[in-house]
Amino acid sequence: MADPKGFMTTPRQEWPRRPIEERVRDWREVYVPGGLPPIIAKQADRCMNCGVPFCHQACPLGNLIPDWNDLVSREDWRAASDRLHATNNFPEFTGRLCPAPCEAGCVLAINQPAVTIKNVECAIADRAWEEGFVPPQPPEWLSGRSVAVIGSGPTGLAAAQQLTRAGHTVVVYERDDRLGGLMRYGIPEFKMEKHHLERRLEQMRAEGTKFRTSVVVGQDVGAAELRTRHDAVVIATGATAWRELPVPGRELSGIHQAMEYLPAANRVCEGDFEDSPLSAAGRHVVIIGGGDTGADCLGTAIRQGAASVTQLDIYPQPGTERDEETEPWPTYPKVYRLSPAHEEAGALRMAPAADADARLFAASTFRFTGDAEGRVREVHLMEVDAQRRPLPGTERALRADLVLLALGFSGPSQEDGLIAQLGLELTPRGTLARDRSFATNVPGVFAAGDAARGQSLIVWAIAEGRAVAAAVDHYLTGAPSRLPSPIGPDDRPLRV
């Protein structure tokens, strides 16, 4: 605790964002380059180094947050990087993409703005790369055992890196033409530029992890055949079965899933297309779904030059302060948050029929209507109460010629045949069933990440990858694993 009075003398200051008029004209990250280093040491000083740091409990990775806050405040960046990487394989990802449940659990947040833990984490990770503090860590010896990891999202990559460093030969199979899963084609460039991902992948290649892209397990290679090639298999395919909206007019053209829309925009940034084949340029866009994916669609549509964009959220608008009765500290509260995309939409007046940030709360879609050619032209909605029951007399229509469904995901897709070919059991929720050791009902086959947990956060995905790696290492060696296992398969975020 470098400054015992830092939490009393220093106000919270976050990574400044670039001017809206500037950032919506490009796809670079929304934050001011170099904006963190001048402020981050003083922000780290605000950490109180609590005797019982609840930020540990709130973070499934068990990040040693007070430790590296203290080291940053003393500008010992190498030691801070070591502490950070001891619990997190990819802090530059979580420092940009995680909603920071650790900050909700910060003891200072009981009556003050929390420590900017996420910003400190990102600053350490970026400084570590700049200073060369994260060289490849190839294993000193090989075990002679091989593992197939299916899926290259944060869970698959974390599991692969841990198992490679433990001495096992790891091959990652990815169905897309590039690695990264949702981080590649689901997360827009303005939230995380992909050079951060490429840098980690190069580190993993140098450590010995092997990658196979454009391979659909269950089609290009049989699941049973893959099982015989390797001593163990980790299924980390994510929850890719998107939820539908079965209302009249759904068959009209111009209505697409968010994960049809976002990958096309990301491929433009990758250089695959000059323009997106599913662009919002000049169109009136309605996004159905109030979560992060919907906000990603919002920011993307703005950058593509949409005529208007409105986002519908079925839940009522939350308050600006934590409800101590229903969501007491240190749980993660549902409060009103203004993402960069919502800030942009409000400043540019992208949704004149909506609230100031382009969102319509407590809004439920009950019908689409179109023109004579079968193209969507209007979204019909009603207001709903707290139990999501329609309120008579509140019907209204929004102009729309592009509708994006951002309603979340129900579990792993079964279209590729992987689940059926292996005979994997599912839970009633449609996720992969597993025991306390992350093992499925098929010997040697393990399940981790959103495919088994259900749709979750990137920090939980990485924690799952680290934990399943420890379970697989124990299975292969027959001895207690030295790899850390931060969570169990049934662990859940802290709730009332």
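Only a predicted model underlies this, so the values are computations on that prediction, with no experimental measurement involved.
Under 3.5 Å, the side chains of Asp296 and Tyr261 contain no donor-acceptor pair of N or O atoms. For the residue pair Gln13 / Asn119, no side-chain donor-acceptor distance below 3.5 Å is found, with atom types taken as modelled.
With Arg227 contributing its side chain and His230 its backbone, the two residues share a donor-acceptor pair below 3.5 Å. A donor-acceptor pair is defined here as one N or O able to donate and one able to accept, closer than 3.5 Å; such a pair exists between the side chain of Ser410 and the backbone of Ala241. Without hydrogens or angle criteria, His474 side chain to Ala479 main chain gives a donor-acceptor distance under 3.5 Å. Between the side chain of Gln43 and the backbone N or O of Pro11 there is at least one donor-acceptor pair closer than 3.5 Å. The backbone N or O of Ile65 sits nowhere less than 3.5 Å from a side-chain atom of Asn63 that would complete a donor-acceptor pair. Under a 3.5 Å cut-off, the side chain of Gln311 and the backbone N or O of Gly289 do form a donor-acceptor pair. Side chain of Ser456 to backbone of Trp460: no donor-acceptor contact under 3.5 angstrom is found. Panel note: side chain Arg466, backbone Leu61; no donor-acceptor pair is recorded below 3.5 Å. A donor-acceptor pair under 3.5 Å is absent between the side-chain atoms of Tyr332 and the main chain of Leu494, judged by distance alone. For Thr431 (side chain) and Thr427 (main-chain N/O), no donor-acceptor pair under 3.5 Å exists by modelled atom type.
The local environment of CD in Glu225 is crowded, with over 12 non-hydrogen atoms from other residues, nucleotides or ligands closer than 6.0 Å. Around the CG atom of Asp82, the shell of radius 6.0 Å holds more than 12 heavy atoms that belong to other residues, nucleotides or ligands.
In this structure, Gln162 and Ala469 approach most closely via the heavy-atom pair CB-CB, 3.5 Å. Residues Ala345 and Asp357 approach most closely at CB-O, 4.1 Å, considering heavy atoms. The two residues Ala223 and Leu418 have their closest heavy-atom pair at CB-CD1, 3.6 Å. Closest non-hydrogen pair, Ala104 versus Pro333, comes out as CB-CD, 3.8 Å. In this structure, Gln421 and Ala224 approach most closely via the heavy-atom pair OE1-N, 4.4 Å. Nearest heavy-atom pair across Ala264 and Pro277 is CB-CD, 4.1 Å.
Under a 4.0 Å N-O distance rule, the pair Arg25/Glu21 does not qualify as a salt bridge. Ionic pairing of Arg74 and Asp70 is present here: one or more N-O contacts between side-chain nitrogen and carboxylate oxygen are shorter than 4.0 angstrom. A salt bridge between Arg96 and Glu29 is present, with a side-chain N of the basic residue lying under 4.0 Å from a carboxylate O of the acidic one. Contact check on Arg205 versus Glu202 returns a salt bridge, with a Lys/Arg side-chain nitrogen under 4.0 Å from an Asp/Glu carboxylate oxygen. Using a cut-off of 4.0 Å between Lys/Arg side-chain N and Asp/Glu carboxylate O, Asp275 and Arg267 are scored as not salt-bridged. Here Glu103 pairs with Arg12 in a salt bridge; the nearest charged N to carboxylate O distance falls below 4.0 Å. Ion pair Glu198/Arg184 flagged as a salt bridge, since at least one NZ, NE, NH1 or NH2 atom sits closer than 4.0 Å to an Asp/Glu carboxylate oxygen. Between Arg436 and Asp490 there is a salt bridge, since a side-chain N of the basic residue sits under 4.0 Å from a carboxylate O of the acidic one. Under 4.0 Å is where a charged nitrogen must lie from a carboxylate oxygen, and between Arg200 and Glu92 at least one such pair does.
Under the 30°/60° scheme for interplanar angles, the aromatic rings of Tyr31 and Trp15 are found to lie parallel.
The shortest distance between side-chain heavy atoms of Thr169 and Val147 does not fall below 4.5 Å. You'll find the side chain of His256 stays beyond 4.5 Å of the side chain of Leu405, heavy atoms only. Here the side chains of Ser73 and Asp3 are not in contact, with every heavy-atom distance at 4.5 Å or above. The shortest side-chain heavy-atom distance between His168 and Asp473 falls under the 4.5 Å cut-off. Side-chain contact between Ile124 and Trp77: present, with at least one pair of heavy atoms (C-beta onward) separated by less than 4.5 Å. You'll find the side chain of Glu425 stays beyond 4.5 Å of the side chain of Thr440, heavy atoms only. Between Asp416 and Val217 there is no side-chain heavy-atom pair separated by less than 4.5 Å. The shortest distance between side-chain heavy atoms of Phe7 and Asp45 does not fall below 4.5 Å.
The side-chain contact (heavy atoms from CB on, under 4.5 Å) check on Arg18 picks up Glu22, Arg23, Asp26, Arg28, Val32, Pro33, with sequence neighbours excluded. Asp491 is linked by a salt bridge (Lys or Arg N to Asp or Glu O under 4.0 Å) to nothing, counting only residues two or more places apart in sequence or in another chain.
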Give the table of side-chain donor-acceptor pairs shorter than 3.5 Å for residues 152-161, with sequence neighbours excluded, one pair per line with atom names and distance.
unit_1, atom_1, unit_2, atom_2, d
Ser152, OG, Glu174, OE1, 2.7
Ser152, OG, Gly180, N, 2.9
Thr155, OG1, Ala461, O, 2.8
Gln161, OE1, Asn89, ND2, 2.9
Gln161, NE2, Gln203, OE1, 3.0
Gln161, NE2, Glu207, OE1, 3.2

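Aromatic rings of Phe446 and Tyr475 (six-membered ring for Trp) have centroids within the 6.0 Å cut-off, being under it.
Atom OG1 in Thr237 sits 8.5 Å away from atom CZ in Arg175 (nearest 0.5 Å). A distance of 8.5 Å separates CD1 in Ile287 from OG1 in Thr300, rounded to the nearest 0.5 Å. Atoms CZ and CD1, from Arg127 and Ile40 in turn, are 11.5 Å apart once rounded to the nearest 0.5 Å. Note that the CE atom of Met192 and the OG1 atom of Thr94 stand 10.5 Å from one another [nearest 0.5 Å]. Note that CG of Asp67 and CG of Asn49 are 7.0 Å apart. Values are rounded to the nearest 0.5 Å.
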_Worked verdict on Cys59 versus Val459 for side-chain contact (heavy atoms from CB on, under 4.5 Å)_ = CA-CA 8 Å; Cys59 174; Val459 69; 4.2 Å; yes

*Verify side chain to side chain donor-acceptor pair (under 3.5 Å) between Thr164 and Thr209, making sure each step is shown before the conclusion.*
CA-CA 6 Å; Thr164 296; Thr209 303; 2.7 Å; yes

*Could you please spell out the steps behind the side-chain contact (heavy atoms from CB on, under 4.5 Å) verdict for Thr240 and Trp242?*
CA-CA 6 Å; Thr240 56; Trp242 52 56; over 6 Å; no

*Would you please test Lys194 and Glu270 for salt bridge (charged side-chain N to carboxylate O under 4.0 Å, His left out) and show each step?*
CA-CA 9 Å; Lys194 300 308 180 284; Glu270 294 282 359; over 6 Å; no

*Checking side-chain contact (heavy atoms from CB on, under 4.5 Å) for the pair Arg165/Leu483: CA distance, chi angles, key distance, verdict?*
CA-CA 9 Å; Arg165 290 176 173 178; Leu483 296 176; 5.9 Å; no

*Could you walk me through whether Cys55 and Ile117 pass the side-chain contact (heavy atoms from CB on, under 4.5 Å) check?*
CA-CA 9 Å; Cys55 54; Ile117 299 171; 4.2 Å; yes

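A cation-pi arrangement, defined by a distance under 6.0 Å to the six-membered ring centre and an angle within 45 degrees of its axis, is present between Arg303 and Phe190.
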